[in-house]
Participant: 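Dropping the structure in here first, questions after.
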Amino acid sequence: MNTGFHSLSSKLNLPDGGMLFTSLNSLTSNDFVRIYYLKQKRHCKALSKNAGKLSLSSSTTSKLMEGSFTRKEQLHKPRLKLEFVRTLLIDNYDSYTYNIYQDLSVINGLPPVVIRNDDWTWEDLCHYLYVEKAFDNIVISPGPGSPTCANDIGICLRLLHECDDIPILGVCLGHQALGYVHGAKVVHANEPVHGLLSEIEHNGCRLFNGIPSGRNSGSKVVRYHSLVIDPESLPKELIPISWTCSTDTRSFLEISNASSTSDAHGMVSSDSRSKAEKCLRVSFNSHQNIWNGKVLMAIVHSARPHYGVQFHPESIGTCFGREIFKNFREITEDHRLTYGPSVTSKGNVDYSGNKIILRKPVDKLSDGTFPCRSTELNGVGRKGVGPFDLANLSHPSNGVKFLRLTWKKYNHLASEVGGARNIFYQLFGHHKAENTFWLDSSSIEKGRARFSFMGGKGGSLWKQMVFQLPDDSGRPFEGGGYLSVEDAQGSKTNTFLKDGFFDYLNKDLSSLQYERKDYEGLPFDFHGGYVGYFGYELKVECGAAYNQHKSRTPDACFFFADNLLVVDHSSDDVYLLSIHEECNTSTSWLDETELKLMELKTSVPEKLIEECLLHDSFTPCKVDFVAEKSKEGYISDVEKCKQYIKDGESYELCLTTQIRKQIGEIDALRLYLRLREKNPAPYAAWLNFSKVGICICCSSPERFLQLNRDGVLEAKPIKGTAKRGVTTEEDEQLKMQLQYSEKNQAENLMIVDLLRNDLGRVCEPGSVHVPLLMDVESYATVHTMVSTIRGKKKPNVSAIECIEAAFPGGSMTGAPKLRSMELLDSIENCPRGIYSGCMGYISYNQTFDLNIVIRTVVLHQDEASIGAGGAIIALSDPIEEYEEMILKTHAPSTAVMEFS
């Protein structure tokens, strides 16, 4: 075989301006040909010398040559730099789309327009693309399912088939759609890969400009897919431009520790850039296994500016992800340079205010003219269903209230009166602590929490709200629900809310006006307002199509707390707060509660002795909990989840179940005090809605979402749990096993990307970041893997709309969220109710802090219920998943067994 180098005899131009030189003289009877790809970008920038080799057949070579087109004249034109690039981002009902939105907003200089793949008709799409010329390029998002299913891919296939003159980038499902629409086969991968990383090689295509290639180059990408394009089925029009370096996948921390050449998500070190070289050799050999287990990671159309990437450039774990999007912007700019600028119809598209406003004619008026319907599209969707209904802080309200806040501070008082436990028990524990709340930071180690808030039925503004969805189990949700409101005087009103509870709460909250100076000097963000919970089944108000099961408890319960006591665990200070209408200046509650605190100060020793005696009166119960699912049933459900994941329907499914026990009469407050002692947690809580017979004893270690006074949103999802060890050595070993578990890292990474997406819907472009990734926190009974995601809220988005955008918490659903919730509804055999929802406060001045309801006992109708579960991914072991679920029930179930 002649393998020597030959003079270059022909030159092939690729669609992005690169050139592929082929040595035609080297063709032998074995059809062996060496191909050298020389990338031409601006002034012939060098490529990475770490590029690997890939074997392809000579027939593939001829396909590349047949499908090429020339753009040589572009090389001599100056680079066109647009003020901004207008992107249409098509969302395939994914939970990572708004991570792409955030990246494109920064890179393009203008937020993209986001539509679902079934929002527009083909006529709508053509109108905006070709009549209004409102967009420069299109990005097709990832999503569940397959491009072979019309319901999964929507309008995207026709778009890829017919829009040959518009730059298009497909990500994951969008990439597969590009292959499928041109005749390639989309097949099951050898194994599903979700939340794991691979190193990739590329051929220097324009989309990968400036990105290193090959092993140990730092070119690591995050993969979430079960399906792939079969490279052997690629038609002549599609050119492979990137592939995995090997068959291996690695976890985030493993590959991060192995390679320090680049930072995650688009941050490139100077060291990695210095490894570039001027040419990349790719070998093609038809007599070997041409892919050798490697997976196709990117393609380009030979005659259209259409690209696809199988991996997720928007993931927090992908290096050089933003470089991909930057390169796509430059490809778009060069396309504009070649084919001329788009001319937008005057008056029909407005780009002011850092958003795109499209105006489309609707039905004729009686005089024959057309009115204009303005659609503002900036990517923020109400109720989680799309970008058309924007955040609105100017809800009409019939009863605007002007609230004032009065407060007192008592320095270093908490320990003198027995601490938060004794304060609550003595001030609010009488009459079975009816209508009381305690947002209890019972675990304050390592600064996890600082403040506890408590109170009971208060002044003239106090009210209780109970909301229930209609019984539409298994049917598409049509909206609405039943609200019961009881005020401080016991007067009750019942209303049907056509637009649902989130909408009602948003309007109610927006009707409250206040003076910022009233709470200046307070170190915490809850100054009075709503305290309660949102049940999991409220997901139908946030985009889910339906509920398979109706909750046994109300779908939401809240107090409006106008009086509260706050304990600062850091300084030991105690605060009393009271809000009232401007016309009411009474401070009676403050004065009365101050007297009670001073009485506690003088009698605390006796009270503490009395409390200590409570610990000796436990009588363990012999009647155990009954599980909704047997061990065999739960294991079978895990297998169902894994099959859905294998088929590409989900990346991760957070499977749950419940255990229940008849309890009869029980001292619920003592049960909670016991639970907080056995399993202290930073987001623990006690809620007693005695009017509806619901008492919640919560020892949650997980924050769902917080919005502080500076407008910063924070989520702290937990994914990954391990038991504590008996000895120090065993404990440390179990902690390290959790930290470096491939499965747990994959779980955590998927949910981090999901929460980044949820925050990205309502946060300023470029502000969403991850200050802490995969940190391990230790609690009384378990170690947990926790990440922190933050972002700056957009000024035109309300507090309630932030909650809507992220509810239910992604750590309790899986990803993509909407499809995963639908699948879980079909697998689980009972409603989740309060479990998996969230509880906490929403302050009257639009701050909030809500936990995820886990490690919780719900007492209702003489029954104690405890929910538990875990994230199922492709790597899950069914037996281990069952054991993890049981582990999570241990602390709350043990506390119940001691009291009932």
Side-chain angles (χ1 to χ4, degrees), residues 403-430 433 436-456 458-459 461 514-529 531 561-580 585-612 673 676-677 680-686 706 708-710 840-841 843-845 847-849:
L403 302 185
R404 300 305 303 266
L405 172 67
T406 306
W407 55 275
K408 294 183 178 182
K409 177 183 178 182
Y410 305 90
N411 294 325
H412 316 301
L413 179 65
S415 59
E416 295 183 21
V417 295
R421 171 191 169 115
N422 195 55
I423 293 172
F424 183 83
Y425 192 82
Q426 300 301 328
L427 268 60
F428 305 104
H430 51 278
T436 59
F437 67 90
W438 181 8
L439 305 181
D440 177 19
S441 298
S442 57
S443 174
I444 59 173
E445 293 82 5
K446 300 182 180 179
R448 292 171 183 157
R450 178 177 169 183
F451 302 101
S452 290
F453 306 92
M454 59 185 72
L461 295 176
Y514 51 88
E515 292 279 357
R516 295 180 183 274
K517 64 181 181 180
D518 285 354
Y519 51 83
E520 289 177 358
L522 292 174
F524 44 84
D525 287 329
F526 182 38
H527 310 129
V531 181
D562 52 358
N563 298 323
L564 68 150
L565 183 149
V566 185
V567 177
D568 184 341
H569 297 285
S570 175
S571 65
D572 207 35
D573 297 336
V574 174
Y575 296 80
L576 297 179
L577 289 79
S578 182
I579 53 176
H580 49 85
T585 59
S586 172
T587 61
S588 59
W589 183 85
L590 293 176
D591 299 334
E592 292 169 6
T593 308
E594 180 180 28
L595 289 175
K596 292 177 182 178
L597 280 173
M598 295 306 108
E599 290 174 2
L600 282 181
K601 188 174 181 180
T602 60
S603 60
V604 69
E606 292 78 8
K607 297 297 182 184
L608 288 177
I609 292 172
E610 179 182 328
E611 288 302 298
C612 290
L673 294 176
R676 75 186 294 273
E677 179 184 292
Y683 308 108
W686 155 274
Q706 178 196 52
N708 67 21
R709 69 181 70 184
D710 297 321
Y841 72 76
S843 188
Y844 71 87
N845 57 330
T847 62
F848 61 79
D849 200 356

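One is the number of the first residue; the rest follow in order along the sequence.
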Participant: If you take all heavy atoms of Gly459 and Asn563, which pair is closest and at what distance?
Facilitator: N-ND2, 3.3 Å
Participant: Looking at every heavy atom in both Trp589 and Leu565, which two are closest together, and how far apart are they?
Facilitator: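 Minimum heavy-atom separation between Trp589 and Leu565: CH2-N, 4.3 Å.
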Participant: At their closest point, which heavy atom of His569 faces which heavy atom of Ala420, and how far apart are they?
Facilitator: CE1-CB, 3.9 Å
Participant: Less than 3.5 Å apart, which donor and acceptor atoms pair up between the side chains of residues 515-524 and the rest of the protein, not counting sequence neighbours?
Facilitator:
| unit_1 | atom_1 | unit_2 | atom_2 | d |
| --- | --- | --- | --- | --- |
| Asp518 | OD1 | Arg404 | NH2 | 3.0 |
| Asp518 | OD2 | Arg404 | NE | 2.8 |
| Asp518 | OD2 | Leu405 | N | 3.2 |

Participant: Would Asn708 and Thr847 count as having a side-chain donor-acceptor pair, cut-off 3.5 Å?
Facilitator: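 Thr847 and Asn708 do not have a side-chain donor-acceptor pair below 3.5 Å.
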Participant: Which of these passes ring-ring contact (aromatic ring centres under 6.0 Å, His included) with Tyr841: Phe451, Phe437, Phe453, Trp438?
Facilitator: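 Looking at Phe451, Phe437, Phe453, Trp438, the match for Tyr841 under the ring-ring contact (aromatic ring centres under 6.0 Å, His included) is Phe453.
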Participant: What are the two closest heavy atoms between Ala449 and Pro682, and how far apart are they?
Facilitator: CB-O, 3.6 Å
Participant: State, with a plain yes or no, whether a side-chain heavy atom of Phe526 is found less than 4.5 Å away from one of Leu577.
Facilitator: no
Participant: If the condition is salt bridge (Lys or Arg N to Asp or Glu O under 4.0 Å), which residues does Lys408 pass it with, not counting sequence neighbours?
Facilitator: Asp591, Glu594
Participant: With sequence neighbours left out, write down each residue that passes salt bridge (Lys or Arg N to Asp or Glu O under 4.0 Å) with Asp562, or none if nothing qualifies.
Facilitator: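 Result, salt bridge (Lys or Arg N to Asp or Glu O under 4.0 Å) vs Asp562: none returned.
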Participant: Using atom types as modelled and distance alone, determine if a side-chain donor or acceptor of Asp849 lies under 3.5 Å from a backbone N or O of Gly840.
Facilitator: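 No.
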Participant: Applying side chain to side chain contact (heavy atoms under 4.5 Å, CB included) to Trp686 and Asp440, what does each step give before you reach the verdict?
Facilitator: CA-CA 7 Å; Trp686 155 274; Asp440 177 19; over 6 Å; no
Participant: Does some side-chain heavy atom of Leu576 sit less than 4.5 Å from a side-chain heavy atom of Tyr410?
Facilitator: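 Yes. Closest side-chain heavy atoms under 4.5 Å.
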Participant: Taking side chain as C-beta onward, heavy atoms only, is His412 less than 4.5 Å from Asp573?
Facilitator: yes
